[in-house]
Amino acid sequence: MKPLTSLLSAISVEEIIGSKDVMISSVECDSRKIQLGCLFVAVRGTNVDGHKFIPIVTVGGAAAIVCEELPERLESSVTYIKVSDSSVALGFLASRWYDDPSRKLKLVGVTGTNGKTTTATLIYEMARINGFKAGLLSTVCNYIETEAVPAAQTTPDPLTLNSLLARMVDAGCQYAAMEVSSHAAHQHRISGLHFAGGVFSNLTRDHLDYHKTVEAYLQAKKSFFDNLPNSAFALTNADDKVGEVMLQNTRAKRYTYSLRSMADFTGRIIESRLDGTLMSFNGNDVEVLFTGKFNAYNLTAVYGASILLGFDPEKVLVDMSRLVPVAGRFQTFRSPGGITAVVDYAHTPDAVVNVLTAIKEVVGSKGRIITVVGAGGNRDKGKRPIMAREAALRSDKLILTSDNPRDEEPADILRDMEEGLDDTTRTITLSIVDRREAIRTAAALAQPGDVILVAGKGHEDYQEIKGVKHHFDDREVVAEVLGKL
């Protein structure tokens, strides 16, 4: 229980109707979770407006309601708090309810189109390697030190987010790393959090089904840096065309990382293989267990963030060689007969280009590249033909297949992808709706020395079809078919 006055001190209030002398039993934003004595925050979501449920939660026993628009009928037993933005208020109320856990941790947020999961996970791992307890909030899984907590979305709602951060504090964690999605920034899910640092990876086309324009997508990412405190660090990719733009209005201390030019933290690729890379960080050579330029960027960001967090620079260099790839991110499999498969989460045109470029740099003319890729349903349709075209231009054989079709017909999605092909690339392309059969076909076409890329789902262990999640794991299927070759 907490006094309402204590919670309200965390937010900007326009008007209060009713008594402030109220004890609150919980803070809720879901009308289905209402309990006696709670504070309900009416949030305008993308699909549902919480204001519509105010009469229901009033009957359900809510003691107070935070809203942007007061209802026509006011109950004398309920306190109404009017605010300009309920989404922003929810974040600050959630933080205060859980005693501001982000202020008791060194919390680092990672945003960008690609590389968020790998970078955030490796920062978490780096803290643990350095002997500290740490937490992680990511697309793949959340971790409270070593306890795994399944992740439903990249960045949870503010109540779930602060609950997890509070559990990290209770577990003795001193550091935490989290992915900050553009949706979360735009919907103010991270409002009220105190960040020790922020990292920007890159920006390419993604989530335009939600943001509509690249500029709106950029501004959503940028808002994360705009709101960092002056005590934080802001580390940006100097090689990305909007890297400097991200930090234009930040109050945080600005730092850069780069593979191509002078920066505060530089990374250089010396030699690449499918199972690792010889790199240098600020002129110091280190063997790492990662492949590809995109991973070199991720690792350079991790190197910089680790030093900015205060870890010993000499030890950080040694520890870089101990880091291991994240599940479903350039995860390699090899058959007894000499065929290699790479499973990767690449689900944007830029990510597909990055992975295929990394494979080509290693394979050269010694083998062919066979790519299996699809596109998700109910998402940005504009990227479908682009993904197919980019994959075809960098593959010797391309197989288009289902990803998570969701509510769309898989064949319709494949037709959208095929629109990106010309007469030449169509000759190397097959369309196979069944993803398992597509992977089997790729394996059947492969010869010793060839590399199969299975892109799009990575760590996911399901396919979502017509609202139902069916078990499907690219890694399991790849291991099965390669074991027979």
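Fair warning: this is a prediction, and the values are worked out from it, not measured in the lab.
Using modelled atom types, one side-chain atom of Asn237 and one backbone atom of Ser201 make a donor-acceptor pair closer than 3.5 Å. When atom types are taken as modelled, the side chain of Arg368 and the backbone of Val451 share no donor-acceptor pair closer than 3.5 angstrom. A donor-acceptor contact shorter than 3.5 Å links the side chain of Ser9 to the backbone of Ser6. At least one donor-acceptor pair closer than 3.5 Å links the side chain of Ser102 to the backbone N or O of His194. Side-chain N or O atoms of Asp100 include none that pairs as donor or acceptor with a backbone N or O of Arg103 at under 3.5 Å. Listed for the Gln331 side chain is a donor-acceptor partner under 3.5 Å among the backbone atoms of Gly328. In this structure, Glu179 contributes its side chain and Val110 its backbone to no donor-acceptor pair below 3.5 Å. Looking at Thr118, its side chain never comes within 3.5 Å of a backbone N or O of Gly115 through a donor-acceptor pair. Looking only at distances, no side-chain donor or acceptor of Asp239 sits under 3.5 Å from a matching main-chain atom of Ser258. Although no hydrogens or angles enter the test, the distance criterion places no donor-acceptor pair under 3.5 Å between the side chain of Asp344 and the main chain of Ala455.
Contact record, Gln463 with Asp403: NE2-O, 2.7 Å, taken as the closest heavy-atom pair. Ile11 and Ala89 get closest at one heavy-atom pair: CG2-O, 3.7 Å. The two atoms that bring Asn295 and Thr291 nearest to each other are ND2-O, 3.0 Å, heavy atoms only. Here the shortest heavy-atom pairing between Leu289 and Pro325 reads O-CG, 3.2 Å. For the residue pair Gly292 and Thr277, the shortest heavy atom distance occurs at N-OG1, 4.2 Å. Lys133 and Gly172 make their closest contact through CB-O, 3.6 Å (heavy atoms, listed as atom of the first residue, atom of the second, distance).
In this structure, OG1 in Thr401 is found 11.5 Å from CZ in Arg436, a value given to the nearest 0.5 Å. Taking CD of Glu28 as the reference point, atom CH2 of Trp97 lies at 9.0 Å (rounded to 0.5 Å). Taking CG of Asn202 as the reference point, atom CG of Asn298 lies at 8.0 Å (rounded to 0.5 Å). Here the CD atom belonging to Gln187 is positioned 9.0 Å from the OG atom belonging to Ser182, to the nearest 0.5 angstrom. With values rounded to the nearest 0.5 angstrom, Lys381 atom NZ is found 12.5 Å from Arg379 atom CZ. To the nearest 0.5 Å, atoms CG (Asp170) and CD (Glu145) are separated by 13.5 Å.
Using a 4.5 Å heavy-atom cutoff, the side chains of His347 and Lys457 are not in contact. Looking only at side-chain heavy atoms (C-beta outward), Val149 and Ile144 come within less than 4.5 Å of each other. Counting only heavy atoms from C-beta outward, the side chains of Val66 and Phe40 never approach each other to under 4.5 Å. Counting heavy atoms from C-beta on, the side chains of Ser163 and Tyr98 come closer than 4.5 Å. Asn162 is listed as a side-chain neighbour of Leu193, based on a closest heavy-atom distance under 4.5 Å. The closest side-chain heavy-atom distance from Leu203 to Met246 is below 4.5 Å. Counting heavy atoms from C-beta on, the side chains of His186 and Gln219 never come closer than 4.5 Å. Using a 4.5 Å heavy-atom threshold, the side chains of Tyr345 and Thr117 count as separate.
For the residue pair Arg128 and Thr146, no side-chain donor N or O sits within less than 3.5 Å of a side-chain acceptor on the partner. For the residue pair Lys469 and Asn404, no side-chain donor N or O sits within less than 3.5 Å of a side-chain acceptor on the partner. Side-chain contact, Asn114 with Asp350: a donor N or O sits under 3.5 Å from an acceptor N or O. Asn282 and Thr266 form a side-chain donor-acceptor contact under 3.5 Å, judged by distance and modelled atom types alone. Side chains of Arg329 and His459: a donor-acceptor N/O pair is present below 3.5 angstrom, by distance only.
Within a 6.0 Å radius of NZ in Lys293, other residues, nucleotides and ligands contribute 12 heavy atoms or fewer. Heavy-atom neighbours of Lys33 NZ from other residues, nucleotides or ligands within 6.0 Å: at or below the threshold of 12.
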Cut-off 3.5 Å, no hydrogens considered: what does the side-chain donor-acceptor table look like for residues 227-236, sequence neighbours left out?
unit_1 : atom_1 : unit_2 : atom_2 : d
Asn227 : ND2    : Ser223 : O      : 2.9
Thr236 : OG1    : Gly243 : O      : 2.7

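A search for ring-ring contact (aromatic ring centres under 6.0 Å, His included) contacts involving His188 returns nothing, not counting sequence neighbours. Listed by chain and number, the residues in a salt bridge (Lys or Arg N to Asp or Glu O under 4.0 Å) with Asp473 are Arg475 (sequence neighbours excluded). Applying the side-chain contact (heavy atoms from CB on, under 4.5 Å) test to Ser25 and every residue at least two apart in sequence or in another chain returns Met1, Gln35, Cys38. With sequence neighbours left out, Phe311 forms a ring-ring contact (aromatic ring centres under 6.0 Å, His included) with Phe132, Tyr175. For Ser84, the side-chain contact (heavy atoms from CB on, under 4.5 Å) partners two or more places apart in sequence, or in a different chain, are Glu14. For Asp416, the salt bridge (Lys or Arg N to Asp or Glu O under 4.0 Å) partners at least two apart in sequence or on another chain are Arg384. Checked against ring-ring contact (aromatic ring centres under 6.0 Å, His included), Phe195 has the following partners two or more places apart in sequence or in another chain: Phe224. The side chain to side chain donor-acceptor pair (under 3.5 Å) search around Arg394 returns Glu390, not counting sequence neighbours. Every residue two or more places apart in sequence or in another chain that forms a side chain to side chain donor-acceptor pair (under 3.5 Å) with Glu68 is listed here: Arg44.
Judged as a ring pair (Phe, Tyr, Trp, His ring centres under 6.0 Å), the pairs with a partner in residues 107-128 (not counting sequence neighbours) are, in order, Tyr124-Tyr143. Applying the ring pair (Phe, Tyr, Trp, His ring centres under 6.0 Å) test to residues at least two apart or on different chains, the pairs with a partner in residues 272-293 are Phe281-Tyr303.
A salt bridge links Arg273 to Glu287: at least one charged side-chain nitrogen sits closer than 4.0 Å to a carboxylate oxygen. In summary, Arg435 and Asp474 engage in a salt bridge, as defined by a charged side-chain N under 4.0 Å from a carboxylate O. Salt bridge absent: Arg254 and Glu244 never bring a charged side-chain N and a carboxylate O closer than 4.0 Å. Using a 4.0 Å cut-off between a side-chain N of Lys or Arg and a carboxylate O of Asp or Glu, Arg167 and Glu147 qualify as a salt bridge.
A side-chain hydrogen bond (donor to acceptor under 3.5 Å, both in side chains) with Lys222 is found for exactly one of Thr250, Thr111, Asn249, namely Asn249.
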One pair to check against side-chain contact (heavy atoms from CB on, under 4.5 Å): Lys221 and Leu218. What are the steps and the verdict? CA-CA 5 Å; Lys221 298 284 189 188; Leu218 182 154; 5.8 Å; no
